[in-house]
Peer 1: 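Sharing a structure with you now.
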Amino acid sequence: MLILAIDTSAVASAALISDDAMEGVVDSFATEDTRSHAEVLAPGIEKLLAGAGVTGADIDAIVTGVGPGPFTGLRSGIATARTLAFVWNKPLHGVMSLDAIALEVAESTAAAAEFLVATDARRKEVYWARYTLADGQLPVLVDGPHVGFAADLPDLPVFGAGAGLYADVLKANEDFSTAQPHAASLGQFALAKLAAGEPLLDSTPLYLRESDAQVPGPRKRAL
């Protein structure tokens, strides 16, 4: 199976994931900028496919990170994934973006039986979720995702860029203090779930907040 994975919940990233490739990843790219998703994503995917010598016809499924994340960035990735799935007539699946970091934690020596993943939600808040881990298994989501203040999180080890930002109030793991969700880990997580016959999400975004943009109300009548 060949999967095109996309995530823009924090940075813009895409990856080709195959069950025939070493560790699953054929190739991938990720930016460092958290604000240029729309400009870099489509050209990045085009270059990714060309470098691997594959076309849309070769893709078996598309996986997109559904957040949580800011409105503008998250929409860019989901809209791109939906468009490609429609044009190529391929199945589209969603994965919660925090699962990507949780998988990296599970595969590391820093893994704990129970832990949190947190990313920057701006406004002095974090997006976070709680996971458990059993030997030889994928991380299991047991609570979340949520958005809130770092000081209100459960007293557990915390991984991800959100932990690094608020290391003064969280049990932040230094090795993961800048970790953001990336499409490579997201795709690996999706491939493992599909191989095990487990369902994935649809592509509905997890914004967790109301949009700042509001439809204007009727004009007040002038006296």
Side-chain angles (χ1 to χ4, degrees), residues 3 5-15 17 19 21-25 28-32 34 63-69 74 77 93-121 125-196 198 200-201 206 208:
I3 290 175
I6 298 169
D7 189 87
T8 55
S9 61
V11 300
S13 62
I17 309 297
D19 48 11
M22 184 177 296
E23 297 184 356
V25 181
S28 66
F29 82 88
T31 67
E32 295 184 3
T34 60
V63 172
T64 182
V66 296
L74 198 55
H93 305 285
V95 173
M96 189 177 74
S97 300
L98 300 180
D99 289 345
I101 299 177
L103 179 63
E104 294 176 11
V105 173
E107 293 176 341
S108 75
T109 57
E114 191 168 14
F115 61 93
L116 307 179
V117 170
T119 57
D120 183 18
E125 293 181 322
V126 295
Y127 298 118
W128 67 275
R130 184 172 185 164
Y131 294 86
T132 59
L133 190 62
D135 291 340
Q137 293 184 359
L138 292 173
V140 178
L141 176 69
V142 293
D143 188 22
H146 303 289
V147 61
F149 295 110
D152 296 333
L153 268 60
D155 187 24
L156 290 168
V158 190
F159 300 81
L165 287 172
Y166 302 101
D168 56 330
V169 296
L170 295 174
K171 291 182 177 179
N173 182 280
E174 292 185 1
D175 294 336
F176 284 81
S177 61
T178 61
Q180 302 280 23
H182 283 178
S185 296
L186 189 94
Q188 289 174 306
F189 184 89
L191 184 63
K193 295 274 280 188
L194 291 171
E198 298 180 22
L200 297 176
L201 303 175
L206 299 171
L208 303 190

Peer 1: When rounded to the nearest 0.5 angstrom, what is the spacing between CG in Leu191 and CD1 in Ile17?
Peer 2: 7.5 Å

Peer 1: When you measure from the side chain of Tyr131 to the backbone N and O of Asp99, does any donor-acceptor pair fall under 3.5 Å?
Peer 2: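 At least one qualifying donor-acceptor pair exists.
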
Peer 1: Is the backbone of Ala14 close enough, under 3.5 Å, to the side chain of Ser28 for a donor and an acceptor to pair up by distance?
Peer 2: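 No, because the side chain of Ser28 does not come within donor-acceptor range (under 3.5 Å) of the backbone of Ala14.
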
Peer 1: Does the Ser9 side chain pair with the main chain of Gly69, one donor and one acceptor, at a distance under 3.5 Å?
Peer 2: no

Peer 1: With side-chain contact (heavy atoms from CB on, under 4.5 Å) as the criterion, how do Val169 and Leu153 come out once you've worked through the C-alpha distance, each side chain's angles and the decisive distance to 0.1 Å?
Peer 2: CA-CA 9 Å; Val169 296; Leu153 268 60; over 6 Å; no

Peer 1: Given side chains that start at C-beta, do those of Lys193 and Leu138 come closer than 4.5 Å, heavy atoms only?
Peer 2: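 Heavy-atom side-chain distance check passes, below 4.5 Å.
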
Peer 1: Can you pull out every salt bridge (charged side-chain N to carboxylate O under 4.0 Å, His left out) where at least one residue sits in residues 163-184? Sequence neighbours excluded, please.
Peer 2: Asp155-Lys171

Peer 1: So, applying side chain to side chain contact (heavy atoms under 4.5 Å, CB included) with His93, which one of Thr64, Leu200, Leu201 is it?
Peer 2: Leu200

Peer 1: Could you tell me which residues satisfy side chain to side chain donor-acceptor pair (under 3.5 Å) with Asp143, sequence neighbours excluded, listed by chain and number?
Peer 2: His146

Peer 1: Look up atom CG in Leu170 and atom CG in Leu165, then write down how far apart they are to the nearest 0.5 Å.
Peer 2: 9.5 Å

Peer 1: In sequence, state the C-alpha distance, the side-chain angles, and the governing distance for His182 and Asp7, and then conclude on side-chain contact (heavy atoms from CB on, under 4.5 Å).
Peer 2: CA-CA 6 Å; His182 283 178; Asp7 189 87; over 6 Å; no

Peer 1: So do Pro139 and Leu103 actually touch side chain to side chain, heavy atoms under 4.5 Å?
Peer 2: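 With C-beta onward as the side chain, the pair touches.
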
Peer 1: Looking only at non-hydrogen atoms, find the nearest pair between Ala110 and Asn173 and report the distance.
Peer 2: CB-ND2, 3.5 Å

Peer 1: Can a donor-acceptor pair be found, under 3.5 Å and without considering hydrogens, that links the side chain of Ser97 to the backbone of Gly67?
Peer 2: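 Answer holds: yes.
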
Peer 1: Testing the basics here: between Leu141 and Ala129, what is the closest heavy-atom pair and its distance to 0.1 Å?
Peer 2: CD1-CB, 3.6 Å

Peer 1: Are the side chains of Pro68 and Leu98 in touch, meaning some heavy atoms are under 4.5 Å apart?
Peer 2: yes

Peer 1: Between CG of Leu186 and CD of Gln188, what distance do you get to the nearest 0.5 Å?
Peer 2: 10.0 Å

Peer 1: Got a donor-acceptor contact below 3.5 angstrom from the Thr8 side chain to the Gly77 backbone?
Peer 2: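 Between the backbone of Gly77 and the side chain of Thr8 there is a qualifying donor-acceptor contact (under 3.5 Å).
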
Peer 1: Side chains of Ser185 and Glu104: donor-acceptor distance under 3.5 Å anywhere?
Peer 2: yes

Peer 1: Which heavy atom in Glu125 sits nearest to a heavy atom in Val147, and how many Å separate them?
Peer 2: OE1-CG2, 3.7 Å

Peer 1: Between Pro145 and Leu206, which heavy-atom pair has the shortest distance, and what is it?
Peer 2: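 In terms of heavy atoms, the two residues are closest at CG-CD1, 4.0 Å.
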
Peer 1: Can you tell me how far the CE atom of Met96 sits from the OH atom of Tyr127, to the nearest 0.5 Å?
Peer 2: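 Separation between the atoms: 12.5 Å.
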
Peer 1: Where is the tightest heavy-atom contact between Leu74 and Gly65, given as atom of each residue plus distance?
Peer 2: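 Residues Leu74 and Gly65, closest heavy atoms: CD1-O, 3.9 Å.
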
Peer 1: Nearest heavy-atom pair of Val11 and Pro181: which atoms, and what distance?
Peer 2: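 Minimum heavy-atom contact is CG2-O, 4.1 Å.
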
Peer 1: So, taking the atom named CH2 in Trp128 and the one named CZ in Phe159, what distance separates them when rounded to the nearest 0.5 Å?
Peer 2: 15.0 Å

Peer 1: Show the numbers, then the answer: is there a side-chain contact (heavy atoms from CB on, under 4.5 Å) between Val126 and Thr119?
Peer 2: CA-CA 5 Å; Val126 295; Thr119 57; over 6 Å; no

Peer 1: Distance check, rounded to the nearest 0.5 Å: Leu133 atom CG versus Glu114 atom CD?
Peer 2: 10.5 Å

